[in-house]
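What follows is a set of notes on a single structure, which appears directly below.
The figures here come from the full heavy-atom set of this structure, side chains too, leaving out hydrogens, waters and symmetry mates.
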Amino acid sequence: MKFYIKQNKVLFVATILVSVIASLGYVFMAILLQQLLDIAVGKDMQQFIRMVLFSIFYFAVLGIFLYLQSLLSKKVICKIIRQIRSDVFRGTVNHSIEDFNKKNTADYISIITNDVKMIEDNFLLPLFEVVQYAVIFTASFLLMIYFDIIVTICVIVAIAIMFLIPSFLGNSLEKRQQKYSSKLADFTVSLKDILSGFEIIKSYSMKRYVVQRFNKENEETISSKYSVDRLLALNEGVSSFLALMVQIVVLFLSAYFIITGRITVGTLLGMVQVSSNLANPLMMIFTNVPKIKSIQPIVEKLQSISQYSLSHSQKEHISSFDFCVCTKDLGFSYDKQKEVLNKINCTIEKGKKYVVVGKSGCGKSTLIKLLAGYYSDYAGTIRYDNRELDLLDRNDVAQLSSIIHQNIYMFDETIHDNICLHEDYPKEMIDNVVIESGLAEFISELPEGLLYQVGENGANLSGGQKQRIAVARALIRNKPILILDEGTSAVDMQTAYDIESRLLEVDNLTLITVTHNLKAELLNKYDEIIYMENGSIKENGSFEELINTGSHFSEYFRLRE
């Protein structure tokens, strides 16, 4: 948090200075009250009028500073929260796909919303309150000495007892805050999971189950919150009791000293006012200090995400590949137990067209994701020309290929935005990819054309329309490698055939297609078929080479016809 305070140090210091002035002005009201009562007891009208005029000016200035204190503190908190959210989000999108998938998406949502809100409520707001009340307490303590030293000594004893409270509760509160943060994340994950499956819930009459599941998660989250609140209530209760004791000590001692003639009635009123400025600030300080300490694990979690960066040290930059992408003895496992790929050896030559086929679950999609640099924890080697993938800048590698997945994600924006992804392209290029992807007829039927809003994840589109947009999105970037991971499975056979045929005719495009749709006319156009079984490449070659032999592929092809 020091980093964000330094970034806003001018505004932060200004807020502290205004807070100090406002707090001092608030404290010295006790002297005004003392003098006003003594003047009233002495029945000095002239002095009374002067005091009234001065008080009007005093309170007007104090009101301005109190307003500025509130305004500036809110402004600096808003700026810091905005910066924290931006940094955490930036750190999140800096993650590699591999690292990002280690957490549920809802975990990131909870951190950016719930945890950042906890920083505001349990760190920034309490921090300014501690500063404010520390000034009030210090000034009030000095005034108390000015009024009477004996009363001050008695107050010091009561304060010493109050200092013990935060040390007893701090560690326990920190653990409970951390647990509450985890429960909030779990709750967000569960809620996202339920709402994402809304159609399944309605189709399979799961309402009773999901309501029970939600209520259970909700109850556990509230219980975790209440465990924090319960400890805070204990802290506040004990602090309030001791603060009240301070005031009672001051009141009775002051009354005794009036009887003995040691102090005036005005001094009594001033001391009572000052004692409240001692007790209440202490109560607020001892309430807020445990909150500030307890938030440290949350701060560390936010820092770990916001400071995340891919390791680029000594990574070689790459803007293209000249010859081939090849693998040697490539192996991979998602869970370190079951092997998904085993000793894969293949070569993808620049400008050639490849189709990867095989039964579901044989590792086709995993292979192409590894080739595109999605994962780093693999066995064997992947080389772009003669450069090992693990030694290359992953951001550069990502710029070499476009992947069209079977499950297409659409942003809740226009068709134009989902194709261009907020990059600038000439209208001619956009028109060309609309035609090549088979979108032209659909676009022409829309009054808004390319400015049609697709809805949440393309809710206003059919599956085929989403995949056409995805094809256009990939084509417009003109990257050297294009990967279709079942990328035309949701379009009609003719459109799928047309799209693939066009892509197969693009010169200098390295095309890798993963498909279950086996059409001899298309397969004949590929330079090489890669047939996979159980995480291994069983055979590879042209369509003619494989179909006319007693190969695994020929058997698979005839079964799929």
Side-chain angles (χ1 to χ4, degrees), residues 324-332 334 338-349 351-372 403-408 436-438 462-464 467-468 470-471 474 481-506 509-561:
C324 66
V325 180
C326 62
T327 70
K328 184 177 181 181
D329 296 332
L330 180 63
F332 183 77
Y334 287 103
K338 185 179 179 181
E339 214 169 29
V340 179
L341 297 180
N342 179 36
K343 294 190 178 301
I344 296 287
N345 294 289
C346 68
T347 298
I348 306 297
E349 295 183 39
K352 289 191 175 182
K353 313 297 187 279
Y354 298 83
V355 59
V356 185
V357 299
K359 297 177 182 177
S360 295
C362 68
K364 303 186 297 294
S365 294
T366 302
L367 172 60
I368 62 169
K369 286 177 180 178
L370 283 166
L371 293 177
I403 300 183
I404 303 173
H405 299 283
Q406 182 177 7
N407 298 317
I408 306 299
E436 290 177 353
S437 62
S462 69
Q467 286 200 314
R468 290 185 184 96
V471 170
I481 302 174
L482 178 61
I483 299 171
L484 270 72
D485 186 3
E486 299 289 350
T488 58
S489 61
V491 298
D492 61 87
M493 293 178 63
Q494 184 60 50
T495 301
Y497 182 88
D498 291 343
I499 290 172
E500 268 190 73
S501 295
R502 289 192 189 101
L503 294 175
L504 285 164
E505 293 169 3
V506 177
L509 174 67
T510 305
L511 177 66
I512 307 173
T513 301
V514 174
T515 185
H516 287 98
N517 298 324
L518 305 182
K519 297 294 179 185
E521 311 94 274
L522 282 176
L523 293 176
N524 244 324
K525 296 181 179 181
Y526 283 94
D527 294 294
E528 186 174 310
I529 296 170
I530 299 172
Y531 177 72
M532 295 184 65
E533 280 186 8
N534 300 320
S536 299
I537 295 177
K538 285 295 181 182
E539 54 198 15
N540 57 297
S542 68
F543 181 70
E544 284 190 10
E545 290 172 348
L546 297 179
I547 200 67
N548 294 321
T549 62
S551 65
H552 294 278
F553 168 76
S554 62
E555 183 179 343
Y556 175 73
F557 176 78
R558 290 188 175 94
L559 286 173
R560 299 286 296 183
E561 276 190 305

Tell me whether Glu545 contacts the main-chain N or O of Ser542 through its side chain, where contact means a donor paired with an acceptor under 3.5 Å. yes
If we ignore hydrogens and angles and just use 3.5 Å, is the side chain of Thr327 paired with the main-chain N or O of Cys346 as donor and acceptor? yes
Keeping to residues at least two apart or across chains, list the salt bridge (Lys or Arg N to Asp or Glu O under 4.0 Å) pairs with something in residues 509-528. none
Atom pair OG (Ser365) and CG (Leu370), whose distance is rounded to the nearest 0.5 Å: 11.0 Å
Would you say the side-chain atoms of Glu539 pair up with the backbone N or O of Ile530, donor to acceptor, closer than 3.5 Å? no
Do Leu522 and Thr515 have side chains that approach each other closer than 4.5 Å (heavy atoms only, starting at C-beta)? no
Side-chain touch Leu371/Ile481, heavy atoms, less than 4.5 angstrom: no
Is the shortest heavy-atom distance from the side chain of Ile368 to the side chain of Asp485 under 4.5 Å? yes
As an exercise, state the distance from CD of Glu349 to SG of Cys324, rounded to the nearest 0.5 Å. 6.5 Å
Got Val355 and Phe543 here, is their nearest side-chain heavy-atom distance under 4.5 Å? no
Is a side-chain donor-acceptor pair under 3.5 Å present for Thr366 with Tyr334? yes
Spacing of OG1 belonging to Thr510 relative to NZ belonging to Lys353, to within rounding of 0.5 Å: 7.0 Å
Pairwise distance CD(Glu500) to CG(Leu523) - rounded to 0.5 angstrom: 8.5 Å
Report yes or no: does Asn345 contribute a side-chain atom to a donor-acceptor pair with the main-chain N or O of Asp329 at less than 3.5 Å? yes
Judged by atom type as modelled, is there a donor-acceptor pair below 3.5 Å linking the side chain of Lys364 to the main-chain atoms of Lys359? yes
Does Cys326 offer a backbone N or O that forms a donor-acceptor pair with the side chain of Lys328 under 3.5 Å? no
With the side chain counted from C-beta on, respond yes when Cys362 and Asn534 share a heavy-atom pair under 4.5 Å apart, and no when they do not. no
Exactly one candidate in Ile512, Val514, Leu511 meets side chain to side chain contact (heavy atoms under 4.5 Å, CB included) with Leu484; the answer is Leu511
First locate atom CD of Glu533, then atom OH of Tyr556, and finally report the distance between them rounded to the nearest 0.5 Å. 9.5 Å
Quick one, Ile483 and Ile404 - any side-chain contact, counting heavy atoms below 4.5 Å? no
Cut-off 3.5 Å, side chains only: do Tyr354 and Thr513 have a donor facing an acceptor? no
About how many Å separate CD1 of Ile529 and CD1 of Ile547, when rounded to the nearest 0.5 Å? 7.5 Å
State, with a plain yes or no, whether a side-chain heavy atom of Met532 is found less than 4.5 Å away from one of Leu341. yes
Using side chain to side chain donor-acceptor pair (under 3.5 Å), reason through Tyr531 and Glu555 one step at a time and then give a plain yes or no. CA-CA 11 Å; Tyr531 177 72; Glu555 183 179 343; over 6 Å; no
Are Glu339 and Phe332 side-chain neighbours, meaning at least one heavy-atom pair lies under 4.5 Å? no
